[in-house]
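Numbers for residues simply follow the sequence, beginning at 1. Every number for a ligand or one of its atoms is a count from 1 in the order of the listing.
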Amino acid sequence: MTRTDTDVLILGAGASGLFCAMTAAARGRRVTLVDHARATGRKVRIAGGGKCNFTNLEMHARHYVGGNPHFPKSALARFTPWDMVSLVSENAIAWEEREHGQLFCLRSADDVADLLEQRCRASGCRFLLDQRVEGVEHDGEAFVVTIAPAQVAAAEGGTGSHAQGGTPRDAIDGPGKPTRLRAASLVVATGSAAWPQIGATDIGHRIARQFGHAVAPSRPVLVPLAMAPQWPLHGLAGIAVPARVTTAGTSFTLPLLFTHRGISGPAALQASCYWQPGQPVEIDFLPGENLDGLLRAPEHGKLLVRTLLGRLLPDRLAERLVAPDSAGCRIAELSKAARTALHQAVHAHTAVPTGTEGMRKAEAAAGGVRVDHISSRSMESALRPGLFLTGEVLDVTGQLGGYNLHWAWASGKAAGDIA
Ligand SMILES: Cc1cc2nc3c(=O)[nH]c(=O)nc-3n(C[C@H](O)[C@H](O)[C@H](O)COP(=O)(O)OP(=O)(O)OC[C@H]3O[C@@H](n4cnc5c(N)ncnc54)[C@H](O)[C@@H]3O)c2cc1C
């Protein structure tokens with residue numbers, strides 16, 4: 001086995017690993033990144049439908065869920081959305097602001113991933129791509145990480161890499177040969193297990209546990225919610241409406257999309273961050289409207305219920321929400337009970353999802369390494385000095401809207417300033 005020395009060894013050349021590497025290398029640190037994918041920043045490149053919602057102008061700790069709601073504050077204060085805007089703008093990456101303060105690349109998410117990779121390479125960072133982490137230990141002086149070519153590991157029955165194409169691998173020691181890397185600082189930036197089809201794993205959680213950190217159970221979030229077969233609104237796949245979705249006391253008024261299995265669209269994806277198995281979700285299909293007021297309005301008295309609802313909602317949805325015996329009634333003829341039922345169906349439709357569509361459809365995973373023994377300023381472990389954890393591997397999960405990538409940048413920078 002060969003010994004390879006570096007100052008900062010970063011596991012994961014994704015969003016936070018690249019940002020950390022760029023920052024540490026700019027301080028003159030010798031940096032090595034290891035990733036089992038063949039290309040850097042795989043999730044960055046597919047983020048935001050390939051346009052990468054890279055930050056949000058409205059950035060607060062309240063946009064994050066996790067065991068300690070205050071934890072993100074320090075890193076977010078020291079790397080703001082405008083810092084990210086400056087970085088992309090200074091490098092001639094065109095971007096646009098969309099609704100709710102979300103900033104997207106105009107051309108391609110590759111622009112952001114390529115920029116970070118180029119910055120790293122220009123500062124002398126070494127990339128060991130297509131390399132799988134076999135083991136991590138601390139020999140009393142430094143971290144020792146054993147890596148092996150991912151393809152060989154896969155052929156031998158290991159998990160290996162699922163990545164395709166991208167940057168050519170930086171060969172280090174000939175195929176099949178494990179290599180040991182020693183470093184004073186180890187940064188675990190291996191993300192979460194969400195979207196495993198591009199090689200996401202939970203290795204970061206295993207490494208954190210090895211050094212004594214507790215890990216909150218992972219669950220898929222920013223993910224469509226599935227409904228039971230008997231849910232009365234099945235069969236509306238493709239219909240999108242503005243709606244207010246409420247679960248666990250948190251509401252989002254955003255577009256809602258019916259799917260073949262349940263609900264998706266921004267309102268459902270946001271709600272999935274707060275939803276817990278067994279809990280109901282409540283959907284208001286006419287947020288901001290007052291159906292009771294419309295039903296009481298004298299000019300509507302002679303209208304059929306289905307006519308009024310057909311003016312407010314897509315026909316097929318309206319048909320499902322109104323009880324068949326009410327649909328053909330004139331509004332003035334509706335009983336008090338029928339009005340109450342209609343109000344309930346339209347403003348407070350309640351269902352208990354059977355689950356989510358799982359990690360393969362999840363843009364993020366909630367849970368992760370608990371932050372109790374992690375410095376919010378530097379992301380350094382208090383249990384093992386020199387160990388840093390950044391990005392989605394931590395128990396910090398952003399809402400939809402550029403918050404997860406911004407956390408990856410901000411936490412990667414916080415570690416890169418110190419590691
Ligand atoms: C489809 C999709 C769309 C998204 N869109 C957005 C968006 O528009 N805006 C936004 O803010 N967020 C978005 N996200 C979330 C965002 O991409 C992630 O939160 C962010 O990339 C996390 O950064 P990270 O550095 O922690 O992990 P990652 O970027 O996932 O990087 C982790 C790296 O570790 C490597 N790795 C993992 N396991 C191993 C192992 N065993 N050995 C070696 N290497 C390993 C991976 O190959 C990867 O390169 C999206 C996610 C998905 C899946």
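Neither side chain, Tyr403 nor Glu58, offers a donor N or O lying under 3.5 Å from an acceptor on the other. Side chains of Thr390 and Ser16: a donor on one and an acceptor on the other come within 3.5 Å. Side-chain contact annotation: Trp95 with Ser89, donor-acceptor N/O pair under 3.5 Å present. A donor-acceptor pair shorter than 3.5 Å can be found between the side chains of Thr40 and Arg45. Checking Arg78 against Ser74 by side-chain atom types alone, a donor-acceptor pair falls below 3.5 Å. Judged by distance alone, the side chains of Ser86 and Asp83 never bring a donor and an acceptor atom under 3.5 Å apart. A donor-acceptor contact under 3.5 angstrom links the side chains of His213 and Ser381, judged on distance only.
Atoms of ligand 1 found under 4.0 Å from any heavy atom of Ala15, numbered from 1 in the order shown, are 21 (O), 23 (O), 25 (O), 29 (O). Heavy-atom contacts of Tyr403 reach the following atoms of ligand 1: 11 (O) (cutoff under 4.0 Å). Ligand-side atoms of ligand 1 in range of Ala189: 31 (O), 32 (C), 33 (C), 34 (O), range being under 4.0 angstrom from any heavy atom. The atoms of ligand 1 that sit less than 4.0 Å from any heavy atom of Gly14 are 25 (O), 29 (O), 31 (O), 33 (C), 49 (O). Interface atoms of ligand 1 facing Ile203, defined by a heavy-atom separation under 4.0 Å, are 38 (N), 39 (C), 40 (C), 41 (N). Heavy-atom contacts of Gly391 reach the following atoms of ligand 1: 26 (O) (cutoff under 4.0 Å). The ligand atoms of ligand 1 that sit less than 4.0 angstrom from a heavy atom of Gly402 are 9 (N), 10 (C), 11 (O).
Considering all non-hydrogen atoms of both residues, Ala364 and Ser192 come closest at C-OG, 4.5 Å.
To the nearest 0.5 Å, the span separating OG1 on Thr247 from CZ on Phe252 amounts to 10.0 Å. Rounding to the nearest 0.5 Å gives a distance of 12.0 Å between OG1 of Thr190 and CD1 of Ile10.
Heavy-atom proximity to atom 8 (O) of ligand 1, evaluated over Gly48, Ala39, Cys105, is greatest for Gly48. Residue nearest to atom 34 (O) of ligand 1, selected from Ile46, Thr190, Val223: Thr190 (by heavy-atom distance). Residue Ala47 holds the heavy atom nearest to atom 7 (C) of ligand 1 of all those in Pro196, Gly17, Ala47, Gly12. Among Trp195, Trp407, Phe54, the residue whose heavy atom lies closest to atom 1 (C) of ligand 1 is Trp195. When the options Glu392, Arg42, Lys43 are ranked by their closest heavy atom to atom 18 (C) of ligand 1, first place goes to Glu392.
Within the 4.0 Å heavy-atom criterion, the part of Ala408 lying near ligand 1 is the side chain and not the backbone. Contacts of Leu405 with ligand 1, taken as heavy-atom pairs under 4.0 Å, involve both backbone and side chain.
Centroid-to-centroid, the aromatic rings of Phe19 and Phe79 come within less than 6.0 Å.
At least one N or O atom of Asp35, backbone or side chain, sits closer than 3.5 Å to an N or O atom of ligand 1. Taking distance alone, with nitrogen or oxygen atoms compared against 3.5 Å, Phe104 stays at or beyond that limit from ligand 1. Where the criterion is an N or O separation shorter than 3.5 Å, residue side chain and backbone included, Asn53 meets it with respect to ligand 1. Looking at ligand 1, you won't find any N or O of Gln131 less than 3.5 Å from one of its N or O atoms. Distances between N or O atoms of His36 and those of ligand 1 include at least one value under 3.5 Å.
Applying the 6.0 Å contact sphere to NE2 of His60 captures more than 12 heavy atoms from other residues, nucleotides or ligands.
Taking a 4.0 Å cut-off on heavy atoms, Ala364 fails to register as neighbouring ligand 1. Ala200 does not count as a contact of ligand 1, since none of its heavy atoms falls under 4.0 Å from the ligand.
Exactly one of Leu389, Asp35, Ile207 qualifies for a side-chain contact (heavy atoms from CB on, under 4.5 Å) with Leu11. That residue is Ile207.
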